Amino acid sequence: MSTGESDTIAEAPVTNRKQPFPRGFLDTISTGWADRPETMPVAREQAAFAQARRDTVSAAFTGKRLVIEAGSLKQRSNDTDYPFRAHSIFAHLTGWAADTEPDSVLVFEPANAGHDVTLYFRERADRTTTEFFADATVGEFWIGPRPSLAAVAADLGIATAHLAEFASGAADVTIEDADLARFASELRLVKDAYEIEEMRRAVEITGRGFDDIIHALPDAAKHARGERVVEGVFHRRAREDGNGEGYDTISASGPHACYLHWTRNDGRVVPGDLILVDAGVERDSLYTADITRTLPVNGKFSDVQRRVYETVLEAADAAFAVARPGVKFREVHEAAMGVIAERVAEWGLLPVTAEEALDADAGGHHRRYMVHGTSHHLGIDVHDCAQARREMYYDGVLEAGMVFTIEPGLYFQIDDLTVPEELRGIGVRIEDDILLTEDGPVNLSADIPRSAADVEAWIERIQQG
Ligand code: GLY
Ligand code: MN
Ligand code: MN
C-alpha cells in the first residue's frame, strides 16, 4: 500500500514493462498546472446523523481509545483489486460511504468531555511527488484526484488529518473488538430518518430494475445463459441509479430457484418455468434494498405454479399481519411457518400433522421446503445488525423504526422424492422490505407487484407497452 508520503521525483520507479521516465519528463511534470479551485462543500445530509451516532459510541466507550478503520483495497489478482467497500461501522459513524478513501481511520481519542474525534485519510498528493503521476493504485494521473483535508472536514463535519500523522499506537478498541461490533450492530437496529429515506429510495430504484428485467425476459429466453442477461440488466440499473448491487444478484430460473443463493446465473430462462430474482440496489450511502420476485417467464402462472405462489404469498401476508411494535421478531417467522406447515400438510407432503411439524423440538418436517429464516434486519448491510445479541435480534422485541425483510419461500428440489412430480423443480420466494411504525408495518416495496394476478398484469403491461 502507498502511504501517500512524497517520494522525490529523482527516485521515479523503473518497472519491467515500461520505459523509464526520461529526464525531460521528470524535469517538467510538476510544472504547468493550474491552481486547484478549493470550493468547500456544505455538510452532507447524513453528517448530523453520523455525529449523533458518534456521540452515542463515545458515551458507551468512555476513556477508551477507539480506532475504526475503513479497510484497505483487496487484491483480486496481480495488480487488480476488488472495488473498495468501506467497513460498515466506519461508514455508519462517518457518513463517508461509497466515496470513502481506502485506508482511512476514524480515531476517538479520550478527552475530558468524552472523546476528540479525528478522521485520518490520505489527502491528495502534491504534484511534486512521484505518486502524482507514477502510482497506479492511488496516484491522481491514474485514478483521479482525492479530496483535500479541509473539504472532507466540511463535508462530514469531522476534524481531519493526513494519514501519515496517524499514530497507530495502542488502541483499546478496534474494528475487530467484539464489544464494538455488538454495540455498532445494536445501534443500527432502529433506523434514523436518514436511513429510512435511503432505503425507501433504494427500494424505488430496485423496482425500476425489476421493470427492466421484465422488459428483457424475452431476450433472456433466447440466450444460452439467460440468467446472466437478467443479472446484467439489473446491474446496469444498479450502477446507473445507485452505487451498485447490495449483494450478488440471484437470477435463478427453473429448478435453480431451489438453490437459495444461486449466483452462478449461467442457466437458461425457459418459457413455462418460473424465474426467481433476488436483487437489491445499494445507494451511494451504502444502504440497500433486498427484494425477491418470482416471475413466470411466459407471463402466466400454470395452475401448480400459482398454487405454490399463492401459498408463499399467504405466508408473507400472515407474517406482515403480526408485525407490530411489542411483538417478538421470532413471531413474524412463526406466523409464516404456520402457513407453510398447514399447506404442505394439506398437500400430503409431511409424514406428520401440521401441528406435530410445528413442535419446536420434535417437528420441523416442513422446513425441508423452506430451510431459511423469514426475516432479517436490513440497512447498510443486507443482513444488517449481524452482531447484535440474540436477545436483541431473533428473541428481541420489534420497535418502530426497524427495517427488516419478510421473505418466505417454498422450494421443491428437482430430485425430491417426497413431493409429487408436478411440484419438483418449482421454487418461489416473495421478499419485501418492511418499515415498522407505531401504527404497524409499512411495506416499502408494495409498489412492486406481489399477487399472482398483479405480477401477470405487470409483465403484460411492460412487455406490451
Ligand atoms: N438476498 C439475500 C437474502 O434475501 O437474505
Ligand atoms: Mn433477504
Ligand atoms: Mn434477498
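As the structure is a prediction and not an experimental result, all values here were calculated from the model. Both counts, for ligands and for their atoms, begin at 1 and track the order of listing.
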TODO: Could you tell me if any non-hydrogen atom of H383 lies under 4.0 Å from any atom of ligand 1?
DONE: yes
Task: Salt-bridge present (E240, R208; N to O < 4.0 Å) - done: no
Task: Distance filter under 4.0 Å to E431 heavy atoms, resulting ligand 1 atoms - done: 4 (O)
Open item on the list: Salt bridge check, D99 against R44: does any charged N sit closer than 4.0 Å to a carboxylate O?
Closed with: yes
TODO: Would you mind listing which atoms of ligand 1 come within a distance below 4.0 Å of any non-hydrogen atom of Y247?
DONE: 1 (N)
Open item on the list: I want to check something: taking the side chain as every heavy atom from C-beta on, are I459 and P296 in contact at a cut-off of under 4.5 Å?
Closed with: yes
TODO: With sequence neighbours left out, write down each residue that passes ring pair (Phe, Tyr, Trp, His ring centres under 6.0 Å) with Y259, or none if nothing qualifies.
DONE: W262
Open item on the list: Side chain, backbone, both or neither: which applies to H372 and ligand 1 if a contact is any heavy-atom pair less than 4.0 Å apart?
Closed with: neither
- [ ] Please determine if D432 and R293 form a salt bridge, counting it only when a charged side-chain N lies under 4.0 Å from a carboxylate O.
- [x] yes
TODO: Would you kindly specify which portion of D290 sits under 4.0 Å from ligand 1, judged on non-hydrogen atoms: side chain, backbone, both or neither?
DONE: side chain
Task: Proximal protein heteroatoms (N, O or S) of the Mn ion (ligand 2), under 2.8 Å - done: D290 OD2, H376 NE2, E407 OE2, E431 OE2
Task: contact_flag D278 ligand 1 heavy-atom lt 4.0 Å - done: yes
Open item on the list: I need the atoms of ligand 1 closer than 4.0 Å to a non-hydrogen atom of E407, numbered in the order shown.
Closed with: 3 (C), 4 (O), 5 (O)
TODO: Find the distance between CG (D212) and CG (L217) and round it off to the nearest 0.5 Å.
DONE: 11.0 Å
Task: Salt-bridge present (R201, E204; N to O < 4.0 Å) - done: no
Open item on the list: Quick one: does any side-chain atom of R146 pair with a main-chain N or O of E123 as donor and acceptor, under 3.5 Å?
Closed with: yes
Task: Evaluation steps, ring-ring contact (aromatic ring centres under 6.0 Å, His included), between F329 and H377 - done: CA-CA 10 Å; F329 188 87; H377 282 273; 5.2 Å; yes
Open item on the list: Please report whether ligand 1 has a polar contact with H261, defined as an N or O pair separated by less than 3.5 Å (distance criterion only).
Closed with: no
- [ ] Cation-pi check, R307 to W347: give yes when NZ or CZ is under 6.0 Å from the six-membered ring centre and within 45° of the ring axis, no otherwise.
- [x] yes
Task: Proximity flag R429 to ligand 1, non-hydrogen atoms under 4.0 Å - done: no
